[in-house]
Amino acid sequence: MTLPRNPLRGQPWPDSTTAPIGTALQPSVAYTAADPDALDALYTGQVAGFSYAREGHPNATVLARRIDALEGVEGGIVTGSGMAAVAAVMFGLLKTGDRVLGGTQLYGRSLRLMREDLPRMGIDTVFADPTDGPAFAAAITPGTRLVLVEVVSNPTLRVADMSAIARAARAAGAVLVVDNTFTTPAAIRGIDIGADVVIHSVTKLLAGHSDVTLGYVHAHDPAQRKAIYDTATTLGLTPSPFDCWLAERGLMTFGLRFERAQANAAMLADMLAAAPQVARVLYPGRADHPDHARAAALLDGQFGNMVTFDLADTADGGRAAANRLVRAAADLPFAPTLGDVATTLSHPASSSHRALSPTERGAIGISETTFRVSVGIEPPEFLRDAFARALAAV
Ligand SMILES: *Cc1c(COP(=O)(O)O)cnc(C)c1O
């Protein structure tokens, strides 16, 4: 190993005849090239390499290749958040005059992007219910450039009619974008259900430890892939190397975590359904879920880790009972996220869906006593006890 003489220049890795089994973390922003010809070779794609971290860095590539493998694709990119992935797709593929169709129950910020931001740029946005295949298909018209759906909605866990949607999008020449965050590649791969573009909030189940905010996007078409990459790079929607490094570590246990969380979710859904304090349980794996048949056909037995329930009426009304449940569930973090190793509890009316009026919430099946549980990987007995205690306090 020869040491560079400039005392402020980064040191090369010490020579070693052995190789690390963990992935190296590379936080360098810039990379040196031998000379201008070498840079030309890099930028024209004749040789591989990195130049500037906003355009790409090794830890992002390592993480993207692992998520690619789960989705069965090549060439996806990692972004600084799930919303950065959604934004890169919208701003990379759309122009003034285009029309976008979205599902009525998309992630809150995706809805906001479509309702507030895209219209400011002269992009028309419309919404339809993706569980109603014929109605959604009818909303895809010749002017529809892009369709954004989530297979399983938040928080009511309704399941989209993906075959009708994919058929209609293809017939109209619209780009079908699937946000696969809730379902994950363990249940569904974007390419298997006809998606042209697949998005993940890596922040959630894939990274799984609530310590990074990251996204992922892959487009099937190389020109669209390049447009999305260029937009992400220009707008600076880039991930940090350390976050990618942490997420890669989280991803190593994704399969095990998902299996365990899903088994816990099925157990918890049945337990809640049998509890007198609970009026309704929504879990796609249960026969009483409104879309159970579709979920069974689409999700290959992988019904996920999310469970939603409503408390039964109490004398003092919904919010008071909701407050009592949360206070009594001190072992279950009350936090607006999902996909963590630990079970988290969220109350859509005061968090994700607070911008809607009570009537609007009611129309999509959310009341003051609706709770969404992101089930984690705790021992099942712990969860049974924690929920029994919380329900007893209601
Ligand atoms: C959380 C989430 C997002 C946004 O991801 P961030 O990483 O928080 O930006 C997008 N879609 C769905 C379905 C999500 O749950």
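Keep in mind the model is a prediction, meaning the values are calculated, not measured. Read the numbers this way: they start at 1 and go in the same order the structure lists the ligands and their atoms.
In Leu214, the part holding a heavy atom less than 4.0 Å from any atom of ligand 1 is the backbone.
Test Asp310, Asp288, Thr369 against Arg280 for side chain to side chain donor-acceptor pair (under 3.5 Å) and you get one pass: Asp310.
Scanning the protein for heavy atoms near atom 7 (O) of ligand 1, the closest one is Thr203 OG1, 2.6 Å. Annotation: atom 5 (O) of ligand 1 to nearest protein heavy atom, Ser201 OG, 2.9 Å. The nearest heavy-atom contact from the protein to atom 6 (P) of ligand 1 is Gly82 N, 3.3 Å. At the shortest separation from atom 4 (C) of ligand 1 among protein heavy atoms lies Tyr107 CE2, 3.4 Å. Among all non-hydrogen protein atoms, the one lying nearest atom 13 (C) of ligand 1 is Asp179 OD2, 3.5 Å. The nearest protein atom to atom 15 (O) of ligand 1, hydrogens excluded, is given as Lys204 NZ, 2.8 Å; this is a heavy-atom distance.
The residues Glu368 and Arg319 are annotated as salt-bridged, a charged nitrogen and a carboxylate oxygen being separated by less than 4.0 angstrom. A salt bridge links Arg389 with Asp331; the closest basic N to acidic carboxylate O contact falls under 4.0 Å. A salt bridge links Asp316 with Arg324: the distance from a Lys NZ or Arg NE/NH1/NH2 to an Asp or Glu carboxylate oxygen falls below 4.0 Å.
Classification of the Phe258-Phe254 ring pair by plane angle, with boundaries at 30° and 60°, yields tilted.
Note: no N/O pair closer than 3.5 Å links Ala84 and ligand 1 by distance alone. For Ser110, no nitrogen or oxygen atom sits less than 3.5 Å from a nitrogen or oxygen atom of ligand 1, counting backbone and side chain alike. Considering backbone and side-chain atoms alike, Met83 places an N or O below 3.5 Å from some N or O of ligand 1.
Other residues, nucleotides and ligands contribute over 12 non-hydrogen atoms within 6.0 Å of the CG atom of Asp192.
The shortest heavy-atom contact between Ala265 and Val307 is O-CG2, 3.6 Å.
Close approach of ligand 1 to Glu150 is summarised as follows: ligand atoms under 4.0 Å from at least one heavy atom of the residue are 13 (C).
Aromatic ring centres of His347 and Phe371: separated by under 6.0 Å.
Residue Val202 places no heavy atom under 4.0 Å from ligand 1.
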